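Here the structure is laid out as structure tokens; the discussion comes afterwards.
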Amino acid sequence: MGVQGFQEYIEKHCPTAVVPVELQKLARGSLVGGGRQRPPQSPLRLLVDAENCLHRLYGGFYTDWVSGGQWNHMLGYLAALAKACFNGNIELLVCFNGAMEKGRLHEWVKRQVNERQTAQQIVSHIQNKGTPPPKVWFLPPVCMVHCIRLALLRFHIGVVQSIEDHHLEVISLCRENGFHGLVAYDSDYALCNIPYYFSAHALKLSRNGKSLTTSQYLMHEVAKQLDLNPNRFVIFASLLGNHILPDEDLAAFHWSLLGPEHPLASLKVRAHQLVLPPCDVVIKAVADYVRNMTDFSDLEAIANDIFRHSQSRTDDKVVRFKKAVEYYSAASKSQHFSPYQGKFTHLTFSLYRQPTVENHFKSVKRRYLNFANENPDSPLLPSQANPTVTSPVAQGLEVIGHLNAQIPSLLSMPTRNHMDITTPPLPMVAPEVLRVAQHRHKKGLMYPYIYHILTKGEIKLSVTIEDEANQELPSAVQLFRPIRQHVYGVLFSLAEAKKKAERLAMRRNRLPEYPPVAVKEWAAYKGKSPHTPELVEALPFREWTCPNLKKLWLGKAVEDKNGRMRAFLACMRSDAPAMLNPACVPTHLLVLCCVLRFMLQWPGVRVLRGKELDAFLAQALSPKLYEPEQLQELKIDNLDPRGVQLAALFMSGVDMALLANDVCGQPIPWEHCCPWMYFDGKLLQSKLIRAIREKAPLIDLCDGQVDQVNKVKKMRQSILEGLNFSPPPPPHPHAMPFYPPGGFYFTTSVCVCVPTVGSWSAGLPSMSTQGGKLEIAGTVVGQWAGIRRGRGRGGFPIQVVSVGGPNRGCCWSGVCNEEQPDAAGLWCVMRSNQTLLVCGV
């Protein structure tokens with residue numbers, strides 16, 4: 001574990017250094033860390049590292065996180081937290097990790113491998129026991145980071161995002177902008193002389209919302225326990241193993257410190273595998289070594305000593321050791337760099353002026369339970385600074401360039417050769433666009449993916465809960481990759497580049513040349529290791545020419561507004577008239593409907609069945625969605641593994657929809673994108689169980705409310721409008737070679753059908769009563785009689801059903817019930833307009 005194990009070592013072996021504190025009492029005092037005085041009545045200003053605090057900001061390890069996320073419960077917790085901070089004279093600034101951090105990529109890969117194993121344990125546990133997994137397996141629900149960020153903006157809590165090196169920027173932000181303490185849980189902070197260092201893992205809000213407690217780490221007590229002068233923490237951190245010099249490179253040195261007589265010496269070599277000593281043993285041994293140094297400023301002599309047992313890459317290790325010392329030295333001083341040069345000391349905070357939790361949910365219900373919402377006003381342009389959206393802390397930030405060149409970091413070093421692949425050069429991006437992207441990125445108003453795609457051409461996707469042995473459902477990475485491909489095309493304005501290439505080719509009388517544009521995706525899913533990225537091609541829209549990114553983000557004309565919405569709908573494959581009709585799809589449910597519509601168009605196996613689609617829509621319209629206390633009391637017997645995976649897939653789609661919305665200039669206001677407006681994982685699981693196991697009709701899924709049934713039918717009809725599941729289009733004629741893992745491209749002989757009975761027939765055109773006949777290869781093999789129609793009604797022509805003719809194939813997919821095929825199991829019948837189609841399955 002290297003330096004990352006030092007935080008746990010403090011809690012286990014230095015009990016006197018961990019002191020429980022109540023932050024409200026601390027705010028009422030005048031002394032803060034380092035003996036600094038706080039002016040009377042001035043607030044206690046704390047910086048929170050969100051990366052270490054996500055589970056606490058989510059509301060804790062309660063068991064229902066596995067169902068897909070309970071976002072209104074999280075919203076209620078954050079509302080109570082904001083109120084407690086306001087009443088206790090505490091001001092928070094939450095810093096999210098928005099950095100790509102290629103230098104820490106190997107640490108990210110390790111986490112993904114571990115989380116992937118945890119996901120399989122979770123699935124196995126649910127399959128075997130049907131109960132929520134234990135909290136030690138906590139895997140953040142998909143999109144949790146962005147949901148927390150949006151919720152904090154909702155309650156006007158300060159939000160920022162790091163951009164290059166998260167740890168260095170957090171330390172700089174804390175020290176140079178007048179913050180009185182840091183709430184985090186990371187060994188890098190413990191070893192960098194933070195004056196007031198609090199535990200993010202111990203942060204707790206009492207049930208009555210009046211007491212906010214945590215633990216404070218007294219680093220002078222830790223130094224006393226280790227008998228180590230704090231001015232030697234820099235060398236100490238460098239020799240424990242870190243992201244620059246990993247503990248694997250220091251294994252020989254660590255074993256040499258123990259000596260041959262140590263009880264653990266026999267474990268040094270076991271079956272020719274590299275074995276590392278226990279973390280607590282290494283920490284004590286390295287502390288003894290550093291304490292006994294005579295001159296800790298002579299790095300060359302120290303490096304020669306610690307690597308005297310090294311058998312390979314000694315020069316590289318020496319260089320990395322020096323870089324590690326330089327890194328921790330700069331982090332400990334934190335004098336010469338600041339990614340945020342706006343000063344926070346004189347800012348007047350007007351945070352937490354929010355209604356109570358109860359009033360908040362009442363206002364939400366009043367606003368969003370009305371089905372026919374009006375169309376949203378003009379979108380929030382990237383160049384605007386809406387005071388109701390931007391936090392006061394973020395408004396005080398000055399946008400500057402990258403970190404100072406004096407910061408030692410691995411960002412300038414190439415990734416290890418076995419982990420990286422070469423990509424084509426990225427297209428040029430307009431300077432105005434980059435300035436807007438950086439500005440909004442730092443203020444936490446934009447998905448962090450966007451800035452890194454534009455500047456580095458890379459993206460990291462986290463592990464989701466999926467059963468790798470189950471072939472019924474695709475992985476989230478593969479399912480929603482087409483969205484990202486079009487998002488990449490929008491970001492790099494491929495449509496405009498394509499037009500320019502065609503005009504140039506026409507003048508030169510030659511075929512157009514389209515330079516390839518690809519983005520590296522780092523991800524782990526079934527059949528794919530996180531150790532190497534995939535090269536994913538950016539694609540333009542086939543149907544229309546999308547405006548360039550500058551116009552999407554900064555244009556103020558009416559056609560620009562329409563272009564943003566059309567670009568978003570095109571990314572989601574939802575460019576249908578009914579999707580923009582608020583009488584059918586209200587604005588706050590547009591993201592929900594777009595994601596469900598996209599999931600239905602997967603060309604492989606069925607992702608959503610009819611009853612499952614009804615369950616998603618019914619839970620989005622249920623009044624219980626806005627009653628988190630009632631949902632906490634809801635009991636679910638025998639969790640369904642498929643339901644859990646569907647919820648994870650859906651939230652992955654929401655994640656990509658929010659990304660597409662930001663890329664397209666936010667045509668949907670962020671208040672209408674938030675998942676707590678349309679999704680609760682626990683409520684969904686209860687609806688799925690009633691729909692699938694209990695075979696409940698739609699009226700029961702809607703709790704007997706006829707108006708909800710009608711709304712579900714309208715939304716369902718809008719989602720299914722115009723879906724034509726013909727074979728997928730051929731590859732782009734000028735596309736670059738793309739090599740995803742096997743199974744990404746599917747054969748075209750896939751046919752899935754829509755059932756003809758039950759709730760699915762509602763809203764579809766009825767069959768003609770004039771009779772019809774069935775033809776196979778031009779031969780009539782059957783016919784049926786019609787029903788006498790009432791007077792005054794015009795007749796319909798007789799229906800002709802052709803199999804193997806020019807109309808062969810289905811125009812619906814993904815929603816066929818297993819019980820619909822005929823007795824022979826060879827044909828499946830569906831209705832579309834006034835034609836009966838029969839197709840092979």
Side-chain angles (χ1 to χ4, degrees), residues 11 15 18-29 32-33 38 41-50 52-65 69-94 132 134-136 138 140-141 144 147-148 151-152 154-159 179-185 196-218 349 351-362 364 626-634 676 682:
E11 296 188 343
V18 184
V19 181
V21 294
E22 184 177 349
L23 294 180
Q24 286 92 338
K25 290 183 179 179
L26 197 63
R28 289 193 289 268
V32 294
R38 228 173 359 106
Q41 306 302 321
S42 65
L44 176 67
R45 305 181 58 248
L46 299 177
L47 179 63
V48 180
D49 183 357
N52 309 138
C53 203
L54 288 175
H55 64 287
R56 301 312 312 170
L57 295 175
Y58 178 65
F61 292 112
Y62 60 94
T63 57
D64 300 313
W65 54 267
Q70 288 195 274
W71 307 116
N72 272 301
H73 184 281
M74 177 204 73
L75 198 67
Y77 174 82
L78 290 177
L81 177 65
K83 182 179 178 182
C85 290
F86 175 73
N87 293 335
N89 200 25
I90 301 170
E91 292 175 355
L92 302 180
L93 175 67
V94 183
K135 66 180 183 179
V136 295
F138 178 79
M144 186 177 80
C147 291
I148 292 175
L152 293 175
R154 164 70 180 84
F155 294 113
H156 298 271
I157 295 178
V159 171
F179 286 97
H180 302 126
L182 173 65
V183 182
Y185 192 87
Y196 239 31
Y197 180 36
F198 301 101
S199 171
H201 285 192
L203 186 67
K204 293 181 181 179
L205 181 66
S206 61
R207 289 186 178 274
N208 60 12
K210 296 181 179 179
S211 176
L212 186 62
T213 60
T214 184
S215 297
Q216 181 186 353
Y217 298 112
L218 306 178
F349 285 71
L351 308 183
Y352 320 120
R353 293 180 295 182
Q354 300 299 321
T356 62
V357 182
E358 296 81 3
N359 292 338
H360 162 70
F361 284 111
K362 289 179 182 178
V364 168
Y626 305 106
E627 301 291 347
E629 293 182 358
Q630 291 186 18
L631 290 177
Q632 284 300 104
E633 299 174 358
L634 181 64
W676 53 80
K682 191 174 184 181

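Being a predicted model, the structure only gives us computed values, none of them experimental.
Closest approach of Ala184 and Asp49 over heavy atoms only: CB-CB, 3.8 Å. Considering every non-hydrogen atom in both Ile90 and Gln24, the closest pair reads CD1-N, 4.0 Å. When every heavy atom of Ala84 is checked against every heavy atom of Gly209, the shortest pair comes out as CB-O, 3.3 Å. Taking both residues in full, the closest heavy atoms of Leu93 and Gly158 are given as CD1-C, 3.4 Å, listed atom of the first, atom of the second, then distance. Closest approach of His180 to Pro43, counting heavy atoms only: CE1-O, 3.4 Å. Across every non-hydrogen atom of Leu75 and Ala151, the tightest pair is CD1-CB, 3.7 Å.
Judged purely by atom type and a 3.5 angstrom limit, Ser199 has no side-chain atom pairing as donor or acceptor with the backbone of Thr214. Put simply, the side chain of Lys682 gets close to the backbone of Leu634: a donor and an acceptor are under 3.5 Å apart.
By the 30° and 60° cut-offs, the orientation of the rings of His201 relative to Tyr185 is parallel. The aromatic rings of Tyr58 and Phe138 are tilted relative to each other, their planes meeting at an angle between 30° and 60°.
Residues Phe198 and Leu182 have side chains not in contact (no heavy-atom distance under 4.5 Å, counting atoms from C-beta outward). Inter-residue side-chain proximity for Leu23 and Leu46 is flagged as met; some heavy-atom pair is nearer than 4.5 Å. Within the 4.5 Å cutoff, the side chain of Lys83 has no heavy atoms near those of the Phe155 side chain.
A distance of 5.0 Å separates OH of Tyr77 from CG of Leu205, quoted to the nearest 0.5 Å.
A side chain to side chain contact (heavy atoms under 4.5 Å, CB included) with Leu92 holds for exactly one of Leu44, Leu47, Val48; it is Val48.
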